[in-house]
There are 2 protein chains.
Amino acid sequence: MSSHPPASVLQSEVDRLRLQLHTLQAEQGVQNISIGNYLLERLAQLGVTSMFGVPGDFNLGFLDLVEDHSKIEWIGNCNELNAAYAADGYARVKEHSIGVVTTTFGVGELSATNGIAGAFSEMVPVLHIVGTPTTVQQRAKPILHHTLGDGRYEAYGLAAAQFSIFQANLKDKNTAASLIDRALTECIKLARPVYVTLPMDMVTQEISSERLKVPLSRSPPPNDQSTEEFVVDLIAERVKEAEGDVVVIVDACVIRHDVRKETLDFLKKTGFPVYATPMGKTAINEDYERYGGIYIGTITHPDIKKKVEQAKLIISIGGLQSDFNTGNFSYKIPTLRHIELHSTHTKVQYATFAGVEMKQLLPKLGEALKGLHSLVRKFEVPPFIKALPKEDTPVISQLWFWPRLSYFFKPKDVIVTETGTSNFGILEVPLPAESVLVSQILWGSIGWSVGSCLGAALAARDVGLGRVILFVGDGSLQLTVQEISPMLRLGLKPIIFVLNNSGYTIEKFIHGKKRKYNNIANWKYAELLNVFSEDDKHKSYTVRTKDELSSLLDDKAFASANQIQLVEVIMDPLDAPRALKVQTELSAKSDPYKERK
Amino acid sequence: MSSHPPASVLQSEVDRLRLQLHTLQAEQGVQNISIGNYLLERLAQLGVTSMFGVPGDFNLGFLDLVEDHSKIEWIGNCNELNAAYAADGYARVKEHSIGVVTTTFGVGELSATNGIAGAFSEMVPVLHIVGTPTTVQQRAKPILHHTLGDGRYEAYGLAAAQFSIFQANLKDKNTAASLIDRALTECIKLARPVYVTLPMDMVTQEISSERLKVPLSRSPPPNDQSTEEFVVDLIAERVKEAEGDVVVIVDACVIRHDVRKETLDFLKKTGFPVYATPMGKTAINEDYERYGGIYIGTITHPDIKKKVEQAKLIISIGGLQSDFNTGNFSYKIPTLRHIELHSTHTKVQYATFAGVEMKQLLPKLGEALKGLHSLVRKFEVPPFIKALPKEDTPVISQLWFWPRLSYFFKPKDVIVTETGTSNFGILEVPLPAESVLVSQILWGSIGWSVGSCLGAALAARDVGLGRVILFVGDGSLQLTVQEISPMLRLGLKPIIFVLNNSGYTIEKFIHGKKRKYNNIANWKYAELLNVFSEDDKHKSYTVRTKDELSSLLDDKAFASANQIQLVEVIMDPLDAPRALKVQTELSAKSDPYKERK
């Protein structure tokens with residue numbers, strides 16, 4: 001075993017040190033780039049091609065630079081919350097890049113708060129750029145429009161600090177470049193939002209472009225070599241004791257902390273069976289021969305549950321144990337049989353090893369365990385398939401809908417599911433190879449999927465993924481419906497399934513099935529594309545029966561997704577996917593209002 | 001002059017002291033009302049009839065109580081930002097009451113942030129109720145959905161504290177009632193948002209209803225009598241020195257701090273000419289015989305400017321000197337000729353008198369000055385009228401549009417104008433008696449007017465006002481368009497003028513006239529009502545010429561506003577009202593990007 005960290009990690013360390021030197025040395029180069037353009041060049045280096053946001057008078061000068069930039073396109077959103085959701089969706093699909101949203105002081109940035117907080121919660125790298133009053137105004141604090149009227153110019157930043165891991169105000173040209181670099185490095189390293197404010201008078205101030213020659217470092221710092229070696233030996237010992245009866249669970253942070261490839265290599269080398277949590281779904285291709293389906297505690301299908309919980313050793317990679325990701329905290333995995341690999345530490349049974357992170361650990365662990373491959377392969381993994389149930393009724397049930405859709409999905413599809421029935425329904429079916437599932441299970445903000453779909457579609461175009469397919473309920477769609485408009489304007493071609501079940505069905509299952517507050521107005525969903533569009537390059541459908549939906553899905557023109565399409569799917573208001581029913585039954589046990597239902 | 005404060009002020013003081021006693025004494029009564037219903041009863045006492053918001057699993061139990069309440073109606077909004085805007089609009093129109101918005105933990109409350117911050121900035125009394133996890137969960141801090149995943153349950157409250165004057169977590173039944181009372185008292189007294197979190201398990205906990213017998217105190221604390229007498233004498237002396245050449249400027253806080261009536265009494269007793277700022281428009285009926293129009297510094301019409309700035313003494317009532325309310329801080333009123341009456345203090349020339357507030361001061365000042373009436377009346381006030389300009393083109397210009405609309409307005413109309421061209425255009429024309437102008441000039445958040453219009457319409461119905469007329473640009477409408485849906489569902493009948501000038505015209509005047517980022521998609525606005533509606537009780541129009549608009553305005557059925565109506569008005573993208581042009585010319589002088597235009 002090598003006693004050096006991998007070359008990529010060392011190269012990152014070299015770059016990091018070079019940038020620190022730049023920060024400390026007086027910059028030697030000529031002042032030849034504006035602060036605004038310095039920021040844009042760094043974003044271009046990170047592969048950013050789309051910037052989301054809404055213009056406002058404090059950011060217009062910066063938007064001039066964006067509009068004039070050759071590699072970055074300004075995506076004008078309909079509002080700032082939707083823009084933040086779009087940046088989130090973009091970052092989720094475009095691995096190794098980040099999402100960027102630009103807003104204006106006060107009114108704009110605060111509208112984005114929920115979207116940014118969601119990216120924080122779900123560990124999505126998003127940069128929030130806010131155009132602010134000039135540095136002179138920031139000192140004098142006049143009662144400008146978009147202020148609180150009491151001179152508290154700092155209030156918005158204090159709120160933003162709750163939902164970002166780093167904040168920088170670019171008010172000094174001597175520190176602007178290093179602050180930009182620091183913000184972006186934190187953003188990609190920790191996969192969480194950062195907040196950068198750009199005063200109007202700083203946008204065009206010129207600084208040296210020297211630093212741009214050193215790329216930003218994206219690898220985690222090197223693991224401590226001797227601790228790492230100790231951990232590898234320890235895990236190898238536990239695996240041997242388990243005599244090959246080991247399963248792996250992949251979870252959210254495999255995706256968020258960029259260890260998809262390392263995880264797959266590890267699985268192939270070892271042959272371990274692998275299962276995914278809801279937030280880890282599609283981290284590993286679901287057609288992988290040793291993939292067994294979704295583990296979600298008590299809600300897990302019984303066969304899978306047994307396979308996972310009865311293994312002698314369970315290795316979790318990138319685990320995130322939130323309520324909806326664990327069947328209401330119902331894991332049955334005793335600590336003595338559990339090993340956890342995280343982005344900041346490793347846990348073996350009861351012992352925690354700080355500073356040993358999974359991206360570097362996984363390849364070494366794979367090497368150490370590959371000899372067990374033939375022993376491991378004796379443990380079979382029933383494939384994760386879902387047959388179409390036979391039902392007597394033409395009504396489109398949740399039980400039938402998701403398996404039916406699974407026959408429609410293709411490799412490389414990007415599938416975006418909304419909080420509500422869609423997030424639970426999609427768990428029931430396997431997705432094709434190289435498809436990407438985009439969902440927000442921890443934060444769970446209704447309406448998120450529409451903005452997110454816009455960002456996901458732009459990212460999918462960049463990275464060569466295929467169709468973008470959105471599943472959103474009628475209740476959720478109403479929060480953010482206008483974000484369909486930029487999809488049309490930009491010529492994007494998602495297929496939007498609107499599950500029209502006349503209200504907030506997930507809420508009804510949680511509490512208040514017969515309450516009026518869970519009902520909503522019934523819009524003419526199939527006319528939305530026409531209202532938002534300036535041409536006829538779009539198509540809408542309403543389907544009420546299994547046959548109608550099946551015919552549509554089988555239609556080659558429809559399936560080719562060569563224009564934006566919206567499908568209103570009429571469903572029963574009190575129908576829900578199995579997993580949602582079980583989840584809400586579990587939650588109901590602790591519903592403080594239950595006697596009033 | 002009486003040496004006692006008025007009886008209403010003393011009664012409030014008595015009530016306040018009684019409630020303090022209740023707080024300190026162990027409550028004697030039986031525990032016979034739930035905390036949720038205690039809160040609702042207090043709201044009903046304040047005249048609240050509509051509660052805005054969006055259901056979420058942490059507030060559903062509370063919504064049961066709302067839905068079952070006989071006096072308060074649940075208004076389900078399409079999203080939380082719109083709900084906060086609606087609560088703001090409701091509070092603006094329904095004097096002596098407050099706006100209430102209920103959201104859910106994290107995702108819901110954070111979406112409302114910009115709306116609440118706007119109410120803070122503009123001094124609008126709004127209560128934000130947030131349904132939160134149980135008190136047990138708040139102690140154990142599990143990774144529930146809607147959390148940040150790191151146990152920081154306090155993060156949302158820390159953000160909210162930036163935009164509210166009081167925060168209370170109702171986690172203890174012994175203090176819940178007094179905290180509710182304190183929050184509501186601060187809200188009505190200071191006319192600013194308060195933030196109350198209601199844990200799921202506290203909603204139905206029972207407490208004593210004894211305190212409900214004592215009404216909440218809404219009057220300000222009594223002025224110090226001897227300071228007040230000194231101030232009255234001092235102002236009387238200055239007024240005498242001015243030999244009757246005195247003008248009054250009414251501003252935002254006359255409306256916000258509930259001194260409309262006192263101000264009008266004062267004006268009638270003294271006979272002083274009166275002018276309004278943009279934020280003070282309609283604080284005094286614009287057909288009042290001594291009313292002269294709008295004062296806004298350099299932007300003021302020359303005749304009015306001279307009348308105001310050359311008076312020997314200027315008395316400002318409820319002044320709020322923000323950039324857009326003062327023609328970019330261009331008042332020409334020297335301190336030596338200026339007296340300012342505020343809700344917390346009085347300023348006479350250079351001297352500040354703390355603790356002398358205007359609501360109590362105005363009647364005494366009126367008494368002291370009424371002898372000057374005949375002298376004052378010698379100073380004439382040219383009436384504020386606006387003739388319809390003659391133009392050769394059929395195109396609907398901003399210059400023609402607003403005067404034309406002024407012939408359409410009727411007494412008791414509620415007129416809601418959006419940030420952008422509408423806020424400036426409406427300043428050019430007088431509004432009828434008892435009409436109410438609702439606009440957001442300091443905060444200036446685009447999209448606000450649509451949600452606000454919903455709240456304003458509900459409040460107008462309560463207080464017997466007339467038609468509700470909204471003016472919103474196409475750019476602004478796109479941010480919050482879905483809030484038209486609840487208007488339809490509730491059978492409200494606003495007239496919605498959509499000023500379609502193909503983009504963000506106000507931004508274009510500030511910077512970037514030819515920039516793509518200031519353009520937006522052109523929707524089929526006249527089809528929106530149909531898409532959102534479940535019936536045909538609505539009507540939409542598109543007008544492109546002066547004649548088309550005039551015919552429509554003259555149509556009796558249209559003007560009767562007996563159903564919801566939307567009028568798309570096609571305008572030139574680079575046309576703007578005079579006041580906006582001058583304002584942006586003033587701002588442009590300090591545009592840091594101007595060389596790049």
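Because only heavy atoms are used, hydrogens play no part in the values below, and waters and symmetry mates are left out as well, while side chains stay in. Sequence lines set the chain letters: A, B, ... in the order given, protein chains first and strands last, and positions in each chain run from 1. For clarity, every value in this text was computed on a predicted model and none was experimentally measured.
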Proximal component of [X], with respect to chain A [non-hydrogen, under 4.5 Å]:
X	result
B/Phe532	both
B/Asp150	side chain
B/Thr147	both
B/Gln321	backbone
B/Leu63	both
B/Tyr525	neither
B/Ile441	backbone
B/Val136	neither

Heavy-atom pair with the smallest gap, counting every atom of A/Ser111 and B/Leu81 |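 Scanning both residues completely, I find the closest heavy atoms to be OG-CD2, 3.8 Å.
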
What closest approach, in Å, do A/Glu507 and B/Pro55 show between heavy atoms, and which atom pair accounts for it?
->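 For A/Glu507 versus B/Pro55, the nearest heavy atoms are OE2-O, 3.6 Å.
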
Between A/Arg515 and B/Asp68, does at least one N-O distance fall below 4.0 Å, as a salt bridge requires?
->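 Answer for the salt bridge query: yes.
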
From CD (A/Glu109) to CG (B/Asn114), nearest 0.5 Å |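 Rounded to the nearest 0.5 Å, the CD-CG separation comes to 9.5 Å.
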
Please look at A/Trp443 and chain B and tell me whether the side chain, the backbone, both or neither of the residue comes under 4.5 angstrom of a heavy atom of that chain.
->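 Answer is both: backbone and side chain atoms of A/Trp443 are under 4.5 Å from chain B.
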
Does a side chain donor of either B/Asn325 or A/His145 reach within less than 3.5 Å of an acceptor in the other side chain?
->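 Distance-only check fails for B/Asn325 and A/His145.
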
Residues forming a ring-ring contact (aromatic ring centres under 6.0 Å, His included) with A/Tyr517, sequence neighbours excluded =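 Counting only residues at least two positions away or on another chain, A/Tyr517 forms no ring-ring contact (aromatic ring centres under 6.0 Å, His included).
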
